[in-house]
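Because the structure is predicted, anything quoted here is derived from the model rather than measured. Index from 1, following the sequence.
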Amino acid sequence: MIDFSSTLKISMRSLKVNKMRSVLTSLGIIIGVAAVIIMLSIGEGAKQRITKDIESMGSNILMIMSGSTTSGGVRMGSGSTPTLTLKDAEAIVKNCPSVKIAAPTVNGVQQIVYSNQNWSTSVYGITPEYMEVQLWEIESGRNLTSDDVKNNTKSALIGATVAQNLFGDVNPVNKVIRIGGMPFKVVGLLKEKGQNGMGQDKDDTVLVPVTTAQKKLFGTAFPGTVKFINIQATNAETLTSAEEEVKELLRERHRIGKNDEDDFTVRNFTQMLETVKQASNTMALLLGAIASVSLLVGGIGIMNIMLVSVTERTKEIGIRMAIGAKAMDIRIQFLVEALVLSLIGGLIGVLSGVIIAKLIGIFSEMKVAITLMPILVSFGFSGIVGMAFGYYPAYKASLLNPIDALRYE
């Protein structure tokens with residue numbers, strides 16, 4: 001019967017004798033474990049940030065964009081031709097059973113002025129449904145209404161960034177601002193949303209009635225057209241059917257032939273979210289695999305040092321065998337030493353990785369998400385590495401001949 005208690009004491013005593021060597025031996029494991037945790041935390045943080053961005057656009061969302069145009073043989077991108085209209089949005093809600101909301105939108109950049117302050121920002125012409133699709137709430141004041149759209153009122157909702165730059169700490173509600181030189185009354189302040197994954201400030205925006213934007217701000221050679229229409233399906237299960245219904249309806253309304261290309265583009269944000277999650281998971285695994293190389297290097301370091309230790313302690317091994325220790329006892333002793341070295345290194349690596357990951361999150365703009373799984377996996381893997389690379393030196397030590405070992409100098 002192997003006495004694991006005494007074996008552990010002997011192993012710990014041997015490691016304490018050569019403290020500096022033990023620390024240097026564990027260094028590879030420390031760096032490897034820390035690298036795995038840092039890399040996976042950065043990968044998970046990027047995944048969460050992008051996922052949050054897409055989800056913030058609303059649930060069960062489709063975006064219908066105006067089509068492209070061709071000029072001089074050059075094909076322009078989506079949205080270069082205003083092919084969508086307010087009537088299209090109304091028809092979609094009326095004729096597509098799988099669609100809950102359709103929110104037509106136009107946008108552009110305008111200079112906003114209040115008193116002696118001015119600010120350039122994105123201005124969106126919307127309908128009240130836009131707020132529901134985008135999951136946007138009002139901090140103070142009121143929302144835009146269907147009457148605002150119907151009567152082309154000069155009413156505006158402003159984001160927190162615009163409010164701060166124009167009004168400071170003053171409540172902007174009921175104040176009059178000028179958008180593109182035209183007076184607009186601020187009827188509401190939007191609840192803060194923060195930045196998206198691309199670093200764009202979502203609060204740096206102004207919302208006005210879509211009809212007012214069309215007729216008084218942006219102007220167009222195609223009256224009644226919009227740049228895109230946000231669609232919300234009735235639920236996640238009907239999203240695909242909603243996409244098919246919208247495509248069929250718009251092709252019919254725009255009189256597109258059977259073999260002709262669509263003059264609009266449909267983007268499915270749910271599918272995009274799944275694609276992003278898969279890509280992020282793949283990237284996180286790749287980062288973890290790259291970082292794991294450090295763990296393997298650390299394992300090789302343990303094996304090398306343990307082989308040196310076997311050579312240096314040959315006489316000690318001979319004495320233990322002479323007083324009754326079996327080959328298995330010797331093998332277990334060196335395996336325990338390798339395991340202790342790797343686990344201590346793994347524990348220090350976990351602490352170092354968590355601390356460094358938190359510091360990266362604090363002192364950089366990267367989002368870092370520390371989860372339990374990478375910690376458990378990297379710590380467990382450090383133990384496996386120690387056992388795997390410590391086995392050969394332990395096996396070699398257990399094969400020594402006691403007589404030859406006692407004579408070794």
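Closest of all the heavy-atom pairs between R253 and K87 is NH2-CB, 3.5 Å. The two residues P172 and V186 come nearest to each other via the heavy atoms O-CB, 3.4 Å. In terms of heavy-atom proximity, V210 sits nearest to P104 at CG2-O, 4.3 Å. Here the closest heavy-atom approach between residue A89 and residue A102 is recorded as O-CB, 3.6 Å. The shortest non-hydrogen separation linking I29 to G345 is CG2-C, 3.8 Å. In plain terms, the two heavy atoms of V93 and I101 that are nearest each other are CG2-C, 4.3 Å.
Listed for the T238 side chain is a donor-acceptor partner under 3.5 Å among the backbone atoms of N235. Between the S342 side chain and the A338 main chain, a donor and an acceptor come within less than 3.5 Å of each other. When atom types are taken as modelled, the side chain of S26 and the backbone of L341 share a donor-acceptor pair closer than 3.5 angstrom. A donor-acceptor distance shorter than 3.5 angstrom exists from the side chain of S66 to the backbone of K227, with no hydrogens or angles considered. Panel note: side chain T83, backbone D263; a donor-acceptor pair is recorded below 3.5 Å. No side-chain donor-acceptor contact under 3.5 Å links T205 to the backbone of G159. R331 places no side-chain N or O within donor-acceptor distance of the main-chain N or O of Y391, the cut-off being under 3.5 Å.
Annotation: side-chain hydrogen bond (donor to acceptor under 3.5 Å, both in side chains) contacts involving residues 160-176, sequence neighbours excluded, comprise T161-D201. Judged as a ring-ring contact (aromatic ring centres under 6.0 Å, His included), not a single pair has a partner in residues 280-308 (not counting sequence neighbours).
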Expected list for residues 367-381: side-chain donor-acceptor pairs under 3.5 angstrom, two or more places apart:
from: S378; atom 1: OG; to: P374; atom 2: O; distance (Å): 2.7
from: S378; atom 1: OG; to: I375; atom 2: O; distance (Å): 3.1

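If you check the side chains of S115 and Q117, you find no donor sitting under 3.5 Å from an acceptor.
Between Y114 and F167, the angle of the ring planes lies from 30° to 60°, which puts this pair in the tilted group.
S120 pairs by the side chain to side chain contact (heavy atoms under 4.5 Å, CB included) definition with V109, Q111, not counting sequence neighbours. The side chain to side chain contact (heavy atoms under 4.5 Å, CB included) test applied to I348 returns I30, I344, S352, not counting sequence neighbours. Residues satisfying the side chain to side chain contact (heavy atoms under 4.5 Å, CB included) criterion with A242, sequence neighbours excluded, are L62, S98, V99, A233.
Rounding to the nearest 0.5 Å gives a distance of 8.5 Å between OG1 of T153 and CZ of F184. Within the model, atoms CD of E137 and CE of M131 stand 8.5 Å from one another, a figure rounded to the nearest 0.5 Å. If you take CD1 on I112 and OG1 on T121, they are separated by 6.5 Å, rounding to the nearest 0.5 Å. Going from atom CD1 of I64 over to atom CD of E243 covers 7.5 Å, rounded to the nearest 0.5 Å. Atom CD1 of I158 is separated from atom CG of D204 by 11.0 Å, given to the nearest 0.5 angstrom. The distance from the CE atom of M328 to the CG atom of L335 is 9.0 Å, given to the nearest 0.5 Å.
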- prompt: Between M65 and R267, does a side-chain contact (heavy atoms from CB on, under 4.5 Å) hold up when you go through it step by step?
  reply: CA-CA 8 Å; M65 301 181 64; R267 291 184 179 175; 3.6 Å; yes

query: Given C96 and L249, is the side-chain contact (heavy atoms from CB on, under 4.5 Å) satisfied, shown in steps?
result: CA-CA 8 Å; C96 298; L249 177 65; 3.8 Å; yes

message: As a quick check of understanding, evaluate side-chain contact (heavy atoms from CB on, under 4.5 Å) for V149 and L144, giving each step before the final call.
response: CA-CA 8 Å; V149 175; L144 295 176; 5.9 Å; no

- request: With side-chain contact (heavy atoms from CB on, under 4.5 Å) as the test, would you mind laying out the steps for Q110 and F218 before giving the verdict?
  value: CA-CA 9 Å; Q110 292 285 344; F218 302 129; 3.6 Å; yes

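Contact check for I355 versus L359: side-chain heavy atoms found under the 4.5 Å cut-off. Counting heavy atoms from C-beta outward, V226 and T85 have side chains that stay 4.5 Å or more apart. In this structure, I177 and I179 have side chains that are in contact, with non-hydrogen atoms separated by less than 4.5 Å. Counting only heavy atoms from C-beta outward, the side chains of E132 and E129 never approach each other to under 4.5 Å. Put simply, the side chain of V123 reaches to within 4.5 Å of the side chain of L217, judged on heavy atoms. Two residues are said to be in side-chain contact when any heavy atoms from C-beta on lie closer than 4.5 Å; T127 and S146 fail this criterion. Side-chain contact between T211 and L86: present, with at least one pair of heavy atoms (C-beta onward) separated by less than 4.5 Å. A 4.5 Å side-chain heavy-atom check between M63 and V266 finds every atom pair outside the cut-off.
Salt bridge status for K247 with D262: absent, with no side-chain N to carboxylate O gap under 4.0 Å. Classification of D148 and R142 as a salt-bridged pair holds, one side-chain N sitting under 4.0 Å from a carboxylate O.
Geometrically, K191 does not engage W136 in a cation-pi contact defined by less than 6.0 Å to the ring centre and at most 45° from the axis.
Counting heavy atoms of neighbouring residues, nucleotides and ligands inside a 6.0 Å radius, atom CD of E252 does not exceed 12 of them.
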